[in-house]
Amino acid sequence: MSPRESTVSPKTVALVSSGRHPVSGRAGRAREDARAVEMGLALVGAELALGHAGDPQDASLQACLKEYLGMFHGLDDDRGGRLSLLAMSAEDDAVPRLAAWLEQSGVRLALTGQRAECGEGSGMVGYLLAERLGWSIATGVAAIEHCDDHSVTVLQALPQGQRRRLEIRLPCLIAVDSVADAPRQSAFGPARRGRIELVTDLALASEARVDAARRDWQWEPARARPKRLKVVKSTNARDRFRAAAAKSSASNGQVLTDLTSEEAADKLIAYLRAEKVLAPGDQ
């Protein structure tokens, strides 16, 4: 069953951010966020709502958000897209605003990319939102297989091109992987018809408005990054099968079950040290 064949679709929103072209540096759609919007359009069509927390006076941001609204074409409904812009400054914390807006809007399913392409790019926003709201979270999602008013069934992308099927109770947040379906092109007409609605009436505690941790950070030029683990991701079935078969023939993998949290942490640290991601003295 395709997602659009579901009899009941929960209220769905895609959280988007400003992206940056990897070569030119030009502002535009973030690649994973655009895939999240594509997944949402395939699921609920023009009913999909978009959300972003940022500076409404930033002209480049407005042009970037219009690119997301330009994706609302080729649907059964000709209505333009709508995007809620949660006003904040560069020193403010986006998580409390997004959480308050999601609660106020009655959203049951939120889609987003795994990490931003500008700013901190920590990949933690989804986890912090899910923790604050008490929601489930699934990361590395490649596709939604089925969705109803109570749960959603997704395919999670794993290393070596493998996939894992997960059934998650709603409400939940889904972080979309780069192997999800490629986003459609942004069209000029839908981008002009789309509406950007400024949201300024969120009830926030005064201490929740400013990102206090960010004020204590020290910024410096980036140094050489740690060694990355080799992760093979494929978009077609043939390459995924070959990668999975190659992995199954290896003898150095381990499947660990029934471990306590301390034992699991020790195993993960030992693995990262073996891969030279962590230095011997790092904890």
* Q62 side chain to P56 backbone, donor-acceptor under 3.5 Å -> yes
* Compare all side-chain heavy atoms of V152 with those of I168 and state whether any distance is below 4.5 angstrom. => yes
* Atom OG in S84, atom CD1 in I196: separation rounded to 0.5 Å? -> 10.0 Å
* **CZ on F72 to CZ on R79, rounded to 0.5 Å** => 9.5 Å
* Structure fact -> Interatomic distance, CD@E197 vs CG@L83, rounded to 0.5 Å, equals 8.5 Å
* Asked: When rounded to the nearest 0.5 angstrom, what distance separates CD in E167 from NE2 in H150?
  -> 11.5 Å
* Asked: Does the side chain of T153 come within less than 4.5 Å of L166's, by heavy atoms?
  -> no
* **F188 backbone acceptor or donor facing R192 side chain under 3.5 Å** => no
* To do: Begin with the C-alpha distance, continue with both residues' side-chain angles, and end with the deciding distance and a verdict on side chain to side chain contact (heavy atoms under 4.5 Å, CB included) for M39 and L48.
  => CA-CA 10 Å; M39 189 176 291; L48 178 71; over 6 Å; no
* To do: Tell me, with the steps shown, if W135 and L129 meet side chain to side chain contact (heavy atoms under 4.5 Å, CB included).
  => CA-CA 8 Å; W135 288 12; L129 271 177; over 6 Å; no
* Look only at the side chain of E117 and the backbone of R20, and say whether a donor-acceptor pair between them is shorter than 3.5 Å. => yes
* Structure fact -> The reported gap from CG in L128 to CG in L98 (rounded to nearest 0.5 angstrom) is 10.5 Å
* Asked: Under 4.5 Å between side-chain heavy atoms, hopping through other hydrophobics if needed: is there a path connecting L278 to L268?
  -> no
* Structure fact -> Taking every heavy atom of G45 against every heavy atom of L75, the minimum-distance pair comes out as C-CD1, 4.1 Å
* Asked: Which heavy atom in E38 sits nearest to a heavy atom in A182, and how many Å separate them?
  -> CG-O, 3.7 Å
Name the atoms and distances for all side-chain donor-acceptor pairs under 3.5 Å in residues 24-36, with sequence neighbours left out.
from: S24; atom 1: OG; to: R26; atom 2: N; distance (Å): 3.3
from: R29; atom 1: NH1; to: R184; atom 2: O; distance (Å): 3.0
from: E32; atom 1: OE1; to: Q114; atom 2: N; distance (Å): 2.8
from: D33; atom 1: OD1; to: G113; atom 2: N; distance (Å): 2.8
from: D33; atom 1: OD2; to: S17; atom 2: N; distance (Å): 2.9
from: D33; atom 1: OD2; to: S17; atom 2: OG; distance (Å): 2.5
from: R35; atom 1: NE; to: S178; atom 2: O; distance (Å): 3.0
from: R35; atom 1: NE; to: A180; atom 2: O; distance (Å): 3.1

* **Salt-bridge present (E47, K11; N to O < 4.0 Å)** => no
* Say whether V125 and M88 are linked into one hydrophobic cluster, either directly or through other cluster members, by side-chain heavy-atom distances under 4.5 angstrom. => no
Would you mind writing out the side-chain donor-acceptor pairs for residues 104-111 within the sub-3.5 Å range, not counting sequence neighbours?
from: S105; atom 1: OG; to: W101; atom 2: O; distance (Å): 2.8
from: S105; atom 1: OG; to: W101; atom 2: NE1; distance (Å): 3.3
from: R108; atom 1: NH2; to: D149; atom 2: O; distance (Å): 3.1

* **L155 vs V141 side-chain heavy atoms within contact, under 4.5 Å** => no
* Asked: Minimum heavy-atom separation for R163 to V179, with atom names?
  -> NH2-CG2, 3.8 Å
* To do: With rounding to the nearest 0.5 Å, note down the distance linking CG in L43 to SG in C147.
  => 5.0 Å
* Do you know the tightest heavy-atom contact between G126 and L173? -> CA-CD2, 4.0 Å
* Asked: Got H146 and V154 here, is their nearest side-chain heavy-atom distance under 4.5 Å?
  -> no
* To do: Determine yes or no for a side-chain-to-main-chain donor-acceptor pair under 3.5 angstrom, with T112 supplying the side chain and L15 the backbone.
  => yes
* **H73 side chain to S186 backbone, donor-acceptor under 3.5 Å** => no
* Are more than 12 heavy atoms from other residues, nucleotides or ligands located less than 6.0 Å from atom CD of Q185? -> no
* **T200 to A87 - nearest heavy-atom pair and separation** => CG2-CB, 4.1 Å
* Hphob cluster co-occupancy, L170 + I174, side-chain heavy atoms under 4.5 angstrom -> yes
* Asked: Stepwise, does the side chain to side chain contact (heavy atoms under 4.5 Å, CB included) test hold for V199 with L85?
  -> CA-CA 6 Å; V199 179; L85 177 56; over 6 Å; no
* To do: For Q156 and T139, work out which heavy atoms get closest and say how close.
  => NE2-O, 2.9 Å
* Asked: With sequence neighbours left out, which residue pairs that include part of residues 257-268 fulfil the salt bridge (charged side-chain N to carboxylate O under 4.0 Å, His left out) condition?
  -> none
* Asked: Taking it one step at a time, do L65 and V16 satisfy side chain to side chain contact (heavy atoms under 4.5 Å, CB included)?
  -> CA-CA 8 Å; L65 298 180; V16 298; 4.2 Å; yes
* To do: Would you check, one step at a time, whether the test salt bridge (Lys or Arg N to Asp or Glu O under 4.0 Å) holds for E145 with R165?
  => CA-CA 9 Å; E145 288 191 323; R165 181 173 287 106; 2.5 Å; yes
